[in-house]
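So the structure is just underneath, and the comments pick up after that.
Numbers restart at 1 for each chain; the letters A, B, ... are given by sequence-line order, proteins then strands. Quick note: numbers below take in every heavy atom, side chains included, and nothing from hydrogens, waters or symmetry partners.
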Amino acid sequence: MLKIHNSLTRKKDVFKPIEPGKVKMYVCGMTVYDLCHLGHARVLVVFDTVVRYLRYSGYDVTYVRNITDIDDKIIARANENAEDFSALTKRFVQAMHEDAAELGVLPPDEEPAATASMPEIINMVQTLIDKGFAYTAKSEDGAGDVYYDVSAFKDYGRLSGKKLEDLRAGERVAVDERKDDPLDFVLWKAAKPGEPSWDSPWGKGRPGWHIECSAMSTCCLGNHFDIHGGGQDLQFPHHENEIAQSEAATGETFVNLWMHNGFVRIDDEKMSKSLGNFFTVREILKLYKGEEIRYFVLASQYRSPLNYADQLLDNARTALSRLYNTLRGLDVPADYDENDPAVEKFKQAMDDDFNTPEALAVLFDLANQVNRLKDEGADDAAMQKAAVLKKLANVLGLLEADPEHYLQSGAGDDSDAEKIEALIAARKQARENKDWAEADRIRDELDALGIVLEDKDGKTVWRRS
RNA sequence: GGCGGGAUAGCAAAGUGGCCAUGCAGUUGAUUGCAAAUCAAUCUACCUCGGUUCGACUCCGGGUCCCGCCUCCA
């Protein structure tokens with residue numbers, strides 16, 4: 001029985017799909033004006049893992065992850081670069097896809113972009129005006145802007161647990177005479193001269209950030225769907241506003257279950273663009289493999305804060321080496337025993353709000369069993385267990401590579417294997433001559449290159465440390 | 001100020017009212033020419049003060065400290 005923490009109810013709810021056997025899920029993706037950082041990587045990996053597990057559990061999942069490819073930051077960055085905004089976004093969409101692939105993140109079923117969804121967006125804004133939930137700007141200054149009237153939506157604040165009075169009491173909401181209420185937010189933003197724009201009933205302009213997600217999600221998944229996810233920082237105001245827009249426009253419940261992943265931190269402080277304390281996925285990929293980053297992310301429960309430190313990536317590296325080492329040299333069958341006790345333990349862990357750390361513990365238990373069987377010479381039994389290990393790891397998007405290849409490839413450039421093989425052959429010769437000094441010298445030489453040797457059963461295998 | 005999350009061994013990180021998490025690191029043994037890998041054994045825990053209980057790291061209450069949201073952010 002799958003339980004998922006629901007931000008709406010603030011507890012773990014038993015997951016019950018709207019339509020039996022099917023899951024419709026939407027996750028807020030990137031605003032593509034820069035490279036993905038580790039925080040983005042966490043969203044990608046976490047929800048990819050959720051989708052993989054739902055599919056493993058037998059659900060037919062439709063996974064939608066959008067791209068925000070028009071907004072103020074994009075326009076600002078394009079101006080800085082003196083390039084067309086669409087050239088900029090195209091480049092970063094490409095980069096994001098490459099990063100996702102490195103992290104073992106499967107493509108979503110649909111990836112709508114804001115600029116490709118203008119009719120739907122404009123349509124929804126018009127509906128909100130028609131139904132009395134939106135109005136055009138109150139001053140000359142904002143001519144062509146359309147705002148959402150927060151006071152017209154009675155449930156406003158339910159997701160974030162905020163009250164309108166409390167929000168208004170906050171000193172940080174600036175006065176804006178274009179709006180009725182400082183909390184009202186923009187649905188359609190009039191274009192300034194030279195800005196990219198789309199025609200609308202209110203003049204040339206572009207959508208506000210929140211409306212595009214409402215429009216794209218309902219467009220792809222219908223008015224009412226199962227799961228909506230994103231980073232914790234989107235809970236307010238972004239997701240709160242999405243609910244207000246969608247429910248006001250359609251008159252239906254928008255989403256049953258809201259999932260929010262915790263932040264990535266550095267030195268106990270949130271990693272973010274505004275603080276400037278972020279690492280891009282690309283930077284980290286120079287030193288670590290995508291799978292190591294993925295393991296690092298999954299080693300913490302998705303709602304907990306995830307502190308970044310090189311040591312933790314090193315840790316992920318050693319842990320993954322252990323698992324791959326276990327599979328190495330075994331001819332692992334594709335079929336696995338679904339009745340293995342580990343399968344049940346794994347499911348229990350994942351059914352409990354995607355407890356990946358506990359699921360990983362199950363993997364290490366299995367690895368221990370496989371190694372013990374190998375030591376006992378029970379190769380067939382070892383392979384059967386290994387099949388379970390591999391299958392369950394695959395559900396987490398791990399251990400998908402060929403162990404031999406994985407262990408012999410580095411994070412960055414791989415220096416040629418021929419030289420390594422030649423040195424190993426020379427060492428073999430020295431060992432046969434019982435010239436231990438020479439054999440050890442060669443091993444030290446390889447060690448300096450980051451190559452570790454393992455002698456077993458009269459053969460020598462190598463891997464990168 | 002309002003609302004929310006947390007404090008677990010050297011480092012990370014799960015979890016449970018009474019019995020082993022797990023990974024890395026450490027120690028010892030097996031194995032090895034020596035290593036590595038692996039196996040076995042083992043040392044380090046549950047912020048603090050009260051309460052409930054036969055028994056609490058786990059439940060309840062007070063305290064201390066940390067973090068997040070309330071503004072663009074995954």
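For the pair A:K289 and A:Y406, the cation sits on the ring face: its NZ or CZ lies under 6.0 Å from the ring centre, inside 45° of the axis.
Of the candidate nucleotides B:C39, B:A13, B:G2, B:C39 has the atom lying nearest to any side-chain atom of A:N371.
At B:A40, one or more side-chain N or O atoms of A:R372 fall inside 4.0 Å of OP1 or OP2 (strictly under the cut-off). OP1 or OP2 of B:C69 lies within a sub-4.0 Å distance of a side-chain N or O belonging to A:K270. The shortest distance between the side-chain N/O atoms of A:S304 and the OP1/OP2 oxygens of B:A14 is below 4.0 Å.
Among the atoms of the strands shown, base atoms are found under 4.0 Å from some heavy atom of A:S274. Across all strands shown, A:R265 has heavy atoms under 4.0 Å from sugar-phosphate atoms exclusively, and none from any base. Within the nucleic acid shown, A:V264 comes within 4.0 Å of at least one base atom, counting heavy atoms only. A:R328 comes within contact range of no nucleotide atom at all, as no heavy-atom separation falls under 4.0 Å. Backbone-only contact: A:Q301 has heavy atoms under 4.0 Å from sugar-phosphate atoms and none from a base. Using a 4.0 Å heavy-atom criterion, one finds that A:R427 contacts the bases of the nucleic acid, with or without backbone contacts as well. Base contact: A:H37 has a heavy atom under 4.0 Å from a base atom. Within the nucleic acid shown, A:G39 comes within 4.0 Å of at least one base atom, counting heavy atoms only. Residue-level contact check: A:K162 touches the bases, meaning some heavy atom is under 4.0 Å from a base atom. Here A:G262 lies in heavy-atom contact (under 4.0 Å) with a base.
Relative orientation of the A:H228 and A:W258 rings is parallel, given thresholds of 30° and 60° on the angle between their planes.
With sequence neighbours excluded, the residues forming a ring-ring contact (aromatic ring centres under 6.0 Å, His included) with A:F15 are A:Y59, listed by chain and number. For the side-chain hydrogen bond (donor to acceptor under 3.5 Å, both in side chains) test, residues two or more places apart in sequence or in another chain that qualify with A:D310 are A:Y308. Residues that satisfy the salt bridge (Lys or Arg N to Asp or Glu O under 4.0 Å) test with A:D48, not counting sequence neighbours, are A:R52, A:R294.
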Reading nucleotides 18-31 of chain B from the 5' end, what letters show protein touch, with B for base, S for backbone sugar-phosphate only, - for no heavy atom under 4.0 Å? ---BSBS-------

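Between A:E454 and A:N307, the residue anchored closer to the 5' end of RNA chain B is A:N307, taking for each the nucleotide with the nearest heavy atom.
For A:K73 against B:C72, a side-chain N or O and a base N or O form a donor-acceptor pair under 3.5 Å. Counting atom types as modelled, A:R443 pairs a side-chain N or O with a base atom of B:A35 as donor and acceptor under 3.5 Å. Judged by distance alone with a 3.5 Å cut-off, a donor-acceptor contact links the side chain of A:D455 to the base of B:C34.
A side-chain donor from one of A:D353 and A:Y302 sits under 3.5 Å from a side-chain acceptor of the other.
With both pairing distances under 3.5 Å, B:C59 is matched to B:G51 as a Watson-Crick or G-U wobble pair.
Comparing the P positions of B:U58 and B:U16 gives an interatomic distance of 13 Å, to the nearest angstrom.
At a threshold of 4.0 Å, the pair A:K345-A:D340 does not count as salt-bridged, since none of the basic side-chain nitrogens sits closer than that to a carboxylate oxygen. At a threshold of 4.0 Å, the pair A:R317-A:D314 does not count as salt-bridged, since none of the basic side-chain nitrogens sits closer than that to a carboxylate oxygen.
The separation between A:H239 atom NE2 and B:C70 atom P is 13 Å, rounded to whole Å.
Between atom NE2 of residue A:H5 and atom CG of residue A:D352 there is a gap of 12.0 Å, rounded to the nearest 0.5 Å.
Contacts between residues 430-441 of chain A and RNA chain B, counted as heavy-atom distances below 4.0 Å, involve A:R431, A:W436, A:D440.
Applying the ring pair (Phe, Tyr, Trp, His ring centres under 6.0 Å) test to every pair with at least one member in residues 354-380 of chain A, sequence neighbours left out, gives no pairs at all.
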